[in-house]
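Comments concern the structure below.
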Amino acid sequence: MLVLVAPGQGAQTPGFLTPWLDLPGVEDRLREWSAAIDLDLIHYGTNADAEEIRDTAVAQPLLVASALISARQLFAMAEDIPRSVAAAAGHSVGELAAAALTGVLSEAEAMGLVRKRGLAMAEAAAVTETGMSALLGGEPETVLPHLEKLGLTPANVNGAGQIVAAGTAAQLAALAEDKPEGTRRVVPLKVAGAFHTVHMAPAVSTLESAVAELSPAAPHTRYVSNKDGQVVTGGQEVVQRLVGQVANPVRWDLCMETFKELGVTAMIEAAPGGTLVGLAKRALPGVQTLALKTPEDLDAARELIAEHASPAAENSAG
């Protein structure tokens, strides 16, 4: 059984889209989306520096576009995904890519929504100087009370010994000076705000208005939600969870537990892949993994699909 996942903010690096532009149709599609959302995805994916693509309003559309572009190389037709993929999920903003890949939203709807999401979250982040830091190592029963003591939120509980704390700059500075027992490192992330916390509450109402215009479909492939790791079968519920997720923690650890319960044997991470594969290697031993970093990875991904594709009869969203 194969799971398809899409990475979240912080996975972007300068120039990461450059090699994908050599593939037929990619540049045209990116230009089409760029015009629709008023953001030059090609510039930001090829020529922009690290600081430019750290901007939330830029990074989020860029990441969803790259996930969709890379997945399209493996699954050219919409019906190819339910024929081959047992489940799909995304980390944080990657959930919007997963919503498009499972048919809940069209690609154009996902790109329009992620543009509004990025702008709303950037605006919320500008109110107070906030950020996020990854804690590597340490046990949840030790880490979580320590974060609470410092006033920080466990915004991403990623499993595999990684929890991401979010809060004000002062709170994160205190964390860097006072690590929880057992934590090896505290690593500041390349994000511009305390996502998935109360600091993002203003963005929720903006997104509630934005999704009112949408007519989501039921997912054609199991959609695994960040909220609680559960498989969600209704399109409207997927969209409502996308809205609430902005100001609530990402439970990627529970998503991986669901993958395990489903009997997943392989994982492909859409571009710019790497982060989720790294977590899976530690949390899902025995599951074959592949990160789509460049088009050079496509042949290996196709081989993995051929080996682990789920029979259509086993792959209902219910």
Q. Any idea which heavy atoms bring M132 and A194 closest together, and the distance?
A. CG-CA, 4.1 Å
Q: Applying side chain to side chain donor-acceptor pair (under 3.5 Å), name anything that partners T265, two or more places apart in sequence or on another chain.
A: H308
Q) So, does S34 use its side chain to make a donor-acceptor pair with the main chain of L39 at under 3.5 Å? A) yes
Q) Between L63, L292, T13, T294, which is the residue that forms a side-chain contact (heavy atoms from CB on, under 4.5 Å) with P272? A) L63
**Q.** Greater than 12 external heavy atoms within 6.0 Å of E32's CD
**A.** yes
Q: Decide side chain to side chain donor-acceptor pair (under 3.5 Å) for H196 and S92; before the verdict, give the C-alpha distance in whole Å, the side-chain angles of both, and the deciding distance to 0.1 Å.
A: CA-CA 8 Å; H196 308 294; S92 187; 2.6 Å; yes
Q: Taking all non-hydrogen atoms of both residues into account, name the closest pair between A6 and A67 and its distance.
A: CB-CB, 4.0 Å
Q: Check whether any side-chain N or O of R251 sits under 3.5 Å from a backbone N or O of D228 as a donor-acceptor pair, and report yes or no.
A: no
Q.
Determine whether a donor-acceptor pair (N or O, by modelled atom type, separation under 3.5 Å) exists between the side chain of H146 and the backbone of D178.
A. yes
Q: Taking T183 for its side chain and K179 for its backbone only, find out whether a donor-acceptor pair lies under 3.5 Å.
A: no
Q: Examine distances only and state if a side-chain atom of E95 and a backbone atom of L242 form a donor-acceptor pair shorter than 3.5 Å.
A: no
Q: Indicate the ring-plane relationship of F259 and W252, choosing parallel, tilted or perpendicular according to the 30° and 60° boundaries.
A: perpendicular
**Q.** D297 side-chain N/O to K293 backbone N/O, donor-acceptor pair under 3.5 Å
**A.** yes
Q. Would you say R115's side chain and D38's backbone share a donor-acceptor pair under 3.5 angstrom?
A. yes
(Q) Can you confirm whether R302 is buried at CZ, in the sense that more than 12 heavy atoms of other residues, nucleotides or ligands lie under 6.0 Å from that atom? (A) yes
Q | Heavy-atom donor-acceptor pair, N158 side chain to I163 backbone, under 3.5 Å | A | no
(Q) Looking at E52, I'd like to know if its CD atom is crowded, meaning that more than 12 non-hydrogen atoms belonging to other residues, nucleotides or ligands lie closer than 6.0 Å. (A) yes
